[in-house]
Undergrad: 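Dumping the structure here so I can ask a few things about it.
What's counted below: heavy atoms across the whole structure, side chains too, no hydrogens, waters or symmetry copies. Chain identifiers are assigned alphabetically (A, B, ...) following the order of the sequence lines, protein sequences preceding nucleic acid strands; residue numbering begins at 1 within each chain.
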Amino acid sequence: MSETPMNNDAAAVPDVATPSPIEPTVCFADFGLAPEILRALTDQGYVHPTPIQAQAIPVVLQGRDVMGAAQTGTGKTAGFSLPIIQLLLAHASSSMSPARHPVRALILTPTRELAVQVAENVKAYAQHTPLRSTVVFGGMDMKGQTVILKGGVEIVIATPGRLLDHIEQKNVSLGQVQMLVMDEADRMLDMGFLPDLQRIINLLPKKRQNLMFSATFSPEIKKLANSFLQQPVLIEVARSNATAEKVTQIVYKVDEEQKRDVVEFLIRQRELKQVIIFSNTKIGASRLSRHLEQTGIKASAIHGDKTQQERMAALEAFKQGEIEVLVATDVAARGLDISDLPCVINYDLPYNAEDYVHRIGRTGRAGASGDALSVYSDKDERLLADIEKLIKQDITRGELTGFAPRTRGRDSERGERSERPQRGERVERGGERSERPPRRFEGEARPERPARSYGAGPLPRREKVDPWFLKPYEPANAPRREAAATDTSNGPAKPKQKIAALLGGLPKPAQS
DNA sequence: AAAAAAT
């Protein structure tokens, strides 16, 4: 409910149309929220809180720390931002002076997109209040962010790295922060943000309210919670590893080379107009997206090699319905506010079984039904077994009735050619794509490839290229991030092993 | 074995 619904048409049912039948009907008006906040909620047509909101809002208003187990789409964002706004409102200043607008609430998120979404929600909820909020994240010019920070804001939503950058440059001070939110804390640990988190937390006043949200409860998360939450109230909405019951899951076993065509077939057969396809690799996402476009399906890729502008443009185009297919890496698996999709497709089975749950959590939300389709091949049997073990259910094996594997004559050459990574090939830019007519490479050399890349003569036979070769060269002995290492006595992203040490020298469990 | 994030 806090999350903006995908379909904004008037006929769309609000996320929370049906309050739990056991509970008496609760309204936002029952929480004693300020009229300005209720007005913002009314503006958006929200009346009834989701379960997590109903639980979290009163607890946060009491000033208690919270450990929340909830995924995106449960209304978590409103669950913490509404009471935060309410609490800050009690001492809001209407003065224009920056000094009167110190940062009082800090919300940290693992990914940039999530930060933007949370910020949009906060802004909407606080629109009738004098509270100011802003979002800071990497990949964008610092200047605009700096101006806003220096102007004074009460609520900052940030990804950790860029926030530290601003702190170091004295663009922002966190000495007055009263409330800290760590959203998707498990994800932040996975991504090696712990050292950054520690540095940020060290800059906050000791006396503050802490809210931590996590989709899973690994031992690491529990340690983190113990280290900085004070007698937290545990709020749990749905079991973290439970798959939504309304999601119909089907897996299709196909030849590895056919995955692409099968995905295309599924999109056409089901006439999918809003679907996310997950790929395990950035390059795979780009290629599949390009292939779909060549077959006339409006598609775009989103992953970490895209510029921030491209990522935001793709997301927006998808939300607007300008593109039908968003091919994504796991940048979009969690947190991203793309929900209520009728269908999600796994082009690759995720290496982490848990990610499967997160991926298919994009569909079948709020009582709606959804389909999660996956294609896999022989070599993925193990991954599938892991997934089924985690979700404790067998997934239906689907039959591809009507799918005609392409018997390619010379056509196969085109297929292979466009699939192979080209030397010097870059991830395609979002902008030029729409203007580019579908192209075929009927065996001819791509015009833009410089001939000297391969020297004179026929193209060398290309063996199966490992995409990692296409990464920029990094000397193995480069003294990477040494400064950061000395600073925190912790290197970069070495999550699991270092966590115990960071959390205060807990005795290591005796195991190898 | 990959991806995400500060540059």
Undergrad: Between A:Phe80 and A:Phe213 (judged by ring centroids, cut-off 6.0 Å), do the two rings come close enough to count as a pair?
TA: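 Yes, the ring centres sit under 6.0 Å apart.
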
Undergrad: If only side-chain N and O atoms of A:Arg187 are considered, is one of them under 4.0 Å from the OP1 or OP2 phosphate oxygen of B:dA4?
TA: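 Negative; the distance criterion is not met.
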
Undergrad: Give the rounded distance in Å between these two atoms: CG of A:Asp355 and P of B:dA4.
TA: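 Atom-to-atom, A:Asp355 to B:dA4, this comes out as 12 Å.
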
Undergrad: What I want to find out is whether A:Glu184 reaches A:Lys76 closely enough, with some N-O distance under 4.0 Å, to be called a salt bridge.
TA: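 Salt bridge present between A:Glu184 and A:Lys76.
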
Undergrad: Give a yes/no on whether any side-chain N or O of A:Thr159 is located under 4.0 angstrom from OP1 or OP2 of B:dA6.
TA: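 True: A:Thr159 side-chain N/O within range (under 4.0 Å) of B:dA6 OP1/OP2.
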
Undergrad: Quick one: A:Leu164 CG to B:dA6 P, roughly how many Å, whole number?
TA: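 In whole Å, B:dA6 P and A:Leu164 CG are 9 Å from each other.
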
Undergrad: Choosing from B:dA6, B:dA1, B:dA5, which nucleotide comes nearest the side chain of A:Arg162?
TA: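 Taking heavy atoms from C-beta onward, the closest nucleotide is B:dA6.
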
Undergrad: Do side-chain atoms of A:Glu113 reach the backbone of A:Arg311 as a donor and acceptor pair under 3.5 angstrom?
TA: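 It does not hold such a pair.
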
Undergrad: So if I take every side-chain heavy atom of A:His303 and compare against B:dA4, B:dA3, B:dA6, which nucleotide ends up nearest?
TA: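 For the A:His303 side chain, the nearest candidate turns out to be B:dA4.
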
Undergrad: Mind calculating the distance between CD (A:Gln169) and C1' (B:dT7) to the nearest angstrom?
TA: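 Taking atom C1' of B:dT7 as the reference, CD of A:Gln169 is at 10 Å.
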
Undergrad: Expressed as a whole number of angstroms, how long is the span from A:Phe193:CZ to B:dA6:C1'?
TA: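 My rounded result for the distance is 9 Å.
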
Undergrad: Could you state the CD-P distance from A:Glu168 to B:dA6, rounded to the nearest angstrom?
TA: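 My rounded result for the distance is 13 Å.
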
Undergrad: Where the side chain of A:Asp165 is defined as all heavy atoms beyond and including C-beta, which of B:dA6, B:dA3, B:dA1 is the nearest nucleotide?
TA: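 Selected nucleotide: B:dA6.
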
Undergrad: Look only at the side chain of A:Ser279 and the backbone of A:Ala285, and say whether a donor-acceptor pair between them is shorter than 3.5 Å.
TA: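 It does hold such a pair.
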
Undergrad: Over how many whole Å does the gap from A:Gln308 atom CD to B:dT7 atom P extend?
TA: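 Roughly 9 Å, once rounded to whole Å.
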
Undergrad: How long is the line joining CE of A:Met191 and C1' of B:dA5, in whole Å?
TA: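 Rounded to the whole Å, the gap is 5 Å.
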
Undergrad: Is any NZ, NE, NH1 or NH2 atom of the basic residue among A:Glu322 and A:Lys298 found under 4.0 Å from an Asp or Glu carboxylate oxygen of the other?
TA: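 The answer is no: the pair does not qualify as a salt bridge.
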
Undergrad: Return no unless some side-chain N or O of A:Thr329 is found under 4.0 Å from OP1 or OP2 of B:dA4.
TA: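 True: A:Thr329 side-chain N/O within range (under 4.0 Å) of B:dA4 OP1/OP2.
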
Undergrad: How many whole angstroms separate atom CE of A:Met188 from atom P of B:dA4?
TA: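 That distance rounds to 17 Å.
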
Undergrad: Determine: side-chain N/O of A:Arg311 to OP1/OP2 of B:dA3, distance under 4.0 Å, yes or no.
TA: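 No, no such contact exists.
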
